[in-house]
Amino acid sequence: MKKYIRITAAALALMLAVSGCGDNKSNNEEKEPAVQEDSRQDMLADRLDELGADITSLKQRAEECYDKGLIDEDKYNEIMQLDDMLADIGSDGTDENILKYNQLKNLIDELKYDLSAAEDPHKTDEDTALTSLMECIEQSEESIVGAHDRGVLPDDRYELFNQYKAEVKGYIDGTAERGDALLDRLAEIRSDITTMASQSEADNETIDKLLEEPVTVEDNTEMEELVSNYLELQSEVQDKVDGGELPEDKLVELLNIGIDVVKVKEALQTGDITDETRQTMRDSSAKLKTYAEGIGSDKAQYFE
């Protein structure tokens, strides 16, 4: 039983450390095509070169952010160690090397977001909201075009949809001025397109995505802190269980809370976040505080 619990704890810690589907925080999972071994090797070599260039750029940005006090030493060191992780990936197009590539790509995408958030949190929130909204526009477009063709959606509403799409595209490519109230404007557009999509009988997945709120810098900061504090608490509890200070069921109790932490982190990383997701994050933190207080851990102060 103890061996099983330890394996479960290790697996949960690993999921919290490396879970993710690529860039936030654009959030599309890397998928590997089925190709011949030599083609896989050539493809991997090209992608490793791209990662090398990304790492060089990240390190330069990290130097500037660290000098300005925008990131802490832990984040700085994490970025400075990326070259070692890259060097650990073999050049052969094996499944193991491709897995290592994907894990490093995911980490680099997360770190890109972290640096952008440190450099300009407000712009990062705008970029994330724009990406999310454009994905919703593209996903709902087929239903809205079909509704217009059937006469369900009037010409003026269809024209407004196209205007919204052009406006959002302009903000993304820089041809339109964003202004100080951009996030409020995007919320207005999102709300009206949700109405159009509903009238056009778009599928539930599209409607649900429109109703979701884009992930913010604050969301990610809170999640990073929660994950870090959870892992420290789990390590403390594991040591106390191994030393006989706590029974095994206390570790099981903590792992059950950790499952929700993993779910929230995955939701944030894929951008599939709702008010319920944010509430789960708050509830998990409250449960961890109560738990930590119950075992007399000084880490209770890190949970709200």
Side-chain angles (χ1 to χ4, degrees), residues 8-9 11-31 75 102-118 121 124-140 183 186-187 190-191 193-194 197 202-234 254-289 291 302-304:
T8 302
L12 191 61
L14 180 62
M15 290 172 66
L16 285 167
V18 302
S19 64
C21 298
D23 184 357
N24 195 11
K25 300 178 180 172
S26 73
N27 314 315
N28 291 319
E29 184 176 0
E30 248 351 271
K31 288 185 171 60
K75 184 67 66 179
N102 283 331
Q103 290 175 337
L104 182 56
K105 176 69 165 61
N106 289 338
L107 176 59
I108 287 174
D109 287 338
E110 288 186 27
L111 291 171
K112 284 181 181 179
Y113 181 91
D114 291 343
L115 285 186
S116 296
T124 301
D125 282 347
E126 290 180 348
D127 290 343
T128 303
L130 283 166
T131 299
S132 173
L133 181 53
M134 182 55 78
E135 289 175 354
C136 288
I137 289 173
E138 292 173 348
Q139 188 169 332
S140 61
L183 291 175
L186 297 182
R190 194 182 194 99
S191 176
I193 289 180
T194 302
D203 57 57
N204 291 335
E205 180 183 351
T206 300
I207 300 300
D208 289 344
K209 189 173 183 63
L210 280 161
L211 291 173
E212 293 164 359
E213 295 182 26
V215 178
T216 66
V217 171
E218 183 179 0
D219 290 326
N220 281 281
T221 299
E222 289 180 2
M223 190 68 246
E224 287 179 358
E225 292 176 352
L226 179 60
V227 169
S228 176
N229 293 331
Y230 171 84
L231 291 174
E232 289 184 12
L233 180 59
Q234 180 178 303
L254 179 60
L255 294 177
N256 286 331
I257 301 174
I259 291 172
D260 282 340
V261 177
V262 170
K263 290 178 180 178
V264 174
K265 183 180 182 185
E266 289 176 344
L268 284 170
Q269 289 178 317
T270 59
D272 296 329
I273 181 171
T274 63
D275 288 340
E276 182 180 355
T277 306
R278 291 182 171 90
Q279 185 60 52
T280 301
M281 182 162 57
R282 291 190 290 268
D283 290 344
S284 296
S285 185
K287 290 177 182 177
L288 289 168
K289 180 178 180 65
Y291 176 92
Y302 301 123
F303 302 104
E304 296 183 357

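The chain is numbered in sequence order, starting from 1.
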Engineer: When you look at K263 and T277, which way does the side-chain contact (heavy atoms from CB on, under 4.5 Å) test go after all the steps?
Structural biologist: CA-CA 9 Å; K263 290 178 180 178; T277 306; over 6 Å; no
Engineer: For a quick test of reading the model, state the closest non-hydrogen atom pair linking S284 to L226 and the distance between them.
Structural biologist: CB-CD2, 4.5 Å
Engineer: Please give me the minimum heavy-atom distance between A129 and L186, naming the atom from each residue.
Structural biologist: CB-CD1, 3.8 Å
Engineer: Quick check for you: to the nearest 0.5 Å, what is the distance between E222 atom CD and T216 atom OG1?
Structural biologist: 7.5 Å
Engineer: Measuring from atom SG of C136 to atom CD1 of I193, what distance do you get when rounded to the nearest 0.5 angstrom?
Structural biologist: 8.0 Å
Engineer: Measuring from atom NZ of K209 to atom OG of S132, what distance do you get when rounded to the nearest 0.5 angstrom?
Structural biologist: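 It comes to 5.5 Å.
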Engineer: Do we see a donor-acceptor contact under 3.5 Å between the side chains of T280 and D283?
Structural biologist: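 No pair is found: no donor N or O on one side chain lies under 3.5 Å from an acceptor on the other.
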Engineer: Pair T128, Y113 - check side-chain contact (heavy atoms from CB on, under 4.5 Å), show working.
Structural biologist: CA-CA 10 Å; T128 303; Y113 181 91; 3.7 Å; yes
Engineer: Please name all residues satisfying side chain to side chain contact (heavy atoms under 4.5 Å, CB included) with Y291, sequence neighbours left out, ordered by chain then number.
Structural biologist: L233, V237, K250, E253, L254, I257, I295
Engineer: More than 12 heavy atoms of other residues, nucleotides or ligands under 6.0 Å from NZ of K289: is that the case?
Structural biologist: yes
Engineer: For residues D127 and T124, is any side-chain donor paired with an opposing acceptor at under 3.5 Å?
Structural biologist: no
Engineer: For atom NZ of K75, is the number of surrounding heavy atoms from other residues, nucleotides or ligands below 6.0 Å larger than 12?
Structural biologist: yes
Engineer: Going from CE on M281 to CG on D219, what distance comes out if it is rounded to the nearest 0.5 angstrom?
Structural biologist: 5.0 Å
Engineer: CZ/R278 to CD/E218 distance, rounded to the nearest 0.5 angstrom?
Structural biologist: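 Taking CZ in R278 and CD in E218, the distance rounds to 9.0 Å.
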Engineer: Is it the case that the side chain of R190 and the backbone of L210 share a donor-acceptor pair, with hydrogens and angles ignored and the cut-off at 3.5 Å?
Structural biologist: yes
Engineer: Mind checking the CG-CG spacing from L183 to D125? Nearest 0.5 Å is all I need.
Structural biologist: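 The CG atom of D125 is 6.5 Å from CG of L183, to the nearest 0.5 Å.
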Engineer: For the backbone of E224 and the side chain of S228, can you confirm whether one donor and one acceptor N or O come within less than 3.5 Å of each other?
Structural biologist: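 No: the side chain of S228 does not pair with the backbone of E224.
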Engineer: By the definition side-chain contact (heavy atoms from CB on, under 4.5 Å), identify the one residue from L255, V262, N256 that meets it with I259.
Structural biologist: N256
